[in-house]
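Each chain gets a letter, A, B and so on, in the order its sequence line appears, and its residues count up from 1.
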Amino acid sequence: MSEMNCKNIREQFALLLYGELSFDEEERIDSHLDGCAECRAALARQKVLHEAVDAAAVTPSPALLNRCRENLAEMLPREKPASGWANWWSQIAGNWKIQVLRPVGAVALLAIGFFAAKVTPGLSGVASMGLGDFGGAQVRNVAAQPDGTLRIVFDEKRERTISGTRDDQRIRQLLMAAAKEATDPGLRAQTVTILVGDANESDVREALAFAMANDENTNVRLKAMEGLQRYANDPMVQNALAHVLLNDPNSGMRTRVIDALTGHDGQELDRQMVGALQELMSREDDSDVRERARQMLHSIKASAETY
Amino acid sequence: MDETELIRAAQAGDSSAFEELVRTYDQSVLRLALSMLRSPEDARDVYQETFLRVYRNLHQFRFDCSFHTWLYRIATNLCLDQLRRRKVRREEPTVMTTPDGTLDRMDAAPETRVEGDPQRNLFSGQIRKRVKEALAQLTPRERMVFELRHYEGLRLRKIGEVLGTSEEAAKNCLFRATQKMRTALGEFV
């Protein structure tokens, strides 16, 4: 391969990963990659970089959102004082009002509807999971203690702290709720990482599967998948992996699903998973993912096409 | 009620319809403003001004584009104006000096970390810091296109509509932005 050609190809990698190249442009790159190991390695590095940028994603705090809504509620009546807007807006602001707790550093509480999570068919048990005895609570800190217990801080009407081991049902409830509902993606990722240690329990696997299939943060989804890889024989986990395979926007996640399945023979994979792999072959844009899916289907002696 | 019906109802003065529109989009607008401006105060100003303008001008909305595009056009213009003003008065640092040392205002909100994996936390913290620095090196337009594509997930055609330019120009802008990001962050991969 000429250096000039490789340089031109590599310059297109970012747009390729965003899916912003034309069919012909992608074909040209695919064709080049087939014969150029260095560019394939460069593309893999570009994917790592692409995902690293996710680390700087910003999520507004509930308190900031609350302040914005309150300010807007104050401003709107001045815009149109004679109308009914002011009245309804005050009502909205009241409904949206977030209780900012004391002392300084306490985080805001949000109405539970704010966290309206996306629900995956078959995973609704997790979606409806609440905080039980801690109804309405918002987990804001999880810390591992030197003695092996976990210290969890959460807000309700007042701040409370509980300590206990992972097998304590209250601790388990709070961890699973935080994995689903916490606004801070860092906290969700940490909670998921802790839950991975109990992935042999089916309720924990359900919580991890929910995070893997639904969390908006790639890092959280990835951690959940890492925890579930050992349990790829579980039909519920396969169901969630099939969902990720066909719906996750991140090609790295899709690749890891196939990696998680590698080593399983056809009898261990349920029909839905095989169907998902076959469907992937017809709709996957990423040539690397497509090739892995093809090899996977070949290894379990399944057709790469649907009829 | 679908979005078109919601907008028509809001134009006719239906309060719950306007509420629904705000509820649908206000977190995205705030996230975009915060991500672009890296200042909670400035993001709050952009949020407020965006929805005030929507409120004032909704009766003029003629469905020539989607409501989302129209809303983002207002929000992105306000963000770009703010960034350009900053350039004039020198970039306003997010890091400020306090009696306890330097503090990045973007990190002021309590951030929780499990203490069990300090090495990984440290590495992701380093990446986050470097990405923020690399983003700060982009021009306002490059920064906007990059934010809209990478973090908001808008297609280039839509970004062109939002910014009042062509898809090709948005593509060129994204290309430049990603080249700069790769140069700045290349050592991490």
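- A:Glu38 CD: 12 or fewer foreign heavy atoms inside a 6.0 Å radius.
- Of the residues considered (B:Gln48, B:Glu147, B:Glu49), B:Gln48 shows the highest number of contacts with chain A, using heavy-atom pairs under 4.5 Å.
- For A:Arg67, the salt bridge (charged side-chain N to carboxylate O under 4.0 Å, His left out) test picks out no residue, with sequence neighbours left out.
- Between A:Leu15 and B:Lys171, the closest side-chain pair of non-hydrogen atoms falls below 4.5 Å.
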Criterion side-chain contact (heavy atoms from CB on, under 4.5 Å) on B:Met181 and A:Leu49, from CA distance to verdict:
CA-CA 9 Å; B:Met181 294 291 286; A:Leu49 177 65; 5.6 Å; no

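- In this structure, the portions of B:Arg31 lying under 4.5 Å from any heavy atom of chain A include both its backbone and its side chain.
- The residue among B:Leu135, B:Leu30, B:Leu174 with the most heavy atom pairs within less than 4.5 Å of chain A is B:Leu30.
- Neither the backbone nor the side chain of B:Arg157 comes within contact range of chain A; no heavy atoms are under 4.5 Å apart.
- Only the side chain of B:Gln179 comes within less than 4.5 Å of a heavy atom of chain A; its backbone N, CA, C and O stay farther away.
- Within 6.0 Å of atom CZ in B:Arg44, more than 12 heavy atoms from other residues, nucleotides or ligands are found, so the atom counts as buried in its surroundings.
- When B:Thr178, B:Asp45, B:Leu52, B:Leu32 are compared by the number of non-hydrogen pairs under 4.5 Å with chain A, B:Leu52 comes out ahead.
- The two residues A:Asp54 and B:Tyr151 come nearest to each other via the heavy atoms CA-CE2, 4.3 Å.
- Closest non-hydrogen pair, B:Val131 versus A:Ala56, comes out as CG1-CB, 3.3 Å.
- For the atom pair A:Arg69 CZ and B:Tyr47 OH, the distance stands at 5.5 Å (nearest 0.5 Å).
- Within the structure, every pair that satisfies the ring pair (Phe, Tyr, Trp, His ring centres under 6.0 Å) test and touches residues 47-67 of chain A, not counting sequence neighbours, is listed here: A:Tyr18-A:His50, A:His50-B:His150.
- With a 4.5 Å cut-off on side-chain heavy atoms, A:Val53 and B:Phe146 count as touching.
- Counting heavy-atom pairs under 4.5 Å between each of A:Gly19, A:Pro60, A:Ala44 and chain B puts A:Pro60 at the top.
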Evaluate the criterion side-chain contact (heavy atoms from CB on, under 4.5 Å) for residue pair A:Leu65 and B:Asp26; output intermediate values, then yes/no.
CA-CA 9 Å; A:Leu65 185 61; B:Asp26 76 336; 3.9 Å; yes

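- The nearest pair of heavy atoms linking A:Leu64 to B:Pro40 is CD1-O, 3.9 Å.
- The two residues A:Val58 and B:Arg38 make their nearest non-hydrogen contact at CG2-NH1, 3.3 Å.
- Atom CZ of A:Phe23 sits in a sparse spot, with 12 or fewer heavy atoms from other residues, nucleotides or ligands closer than 6.0 Å.
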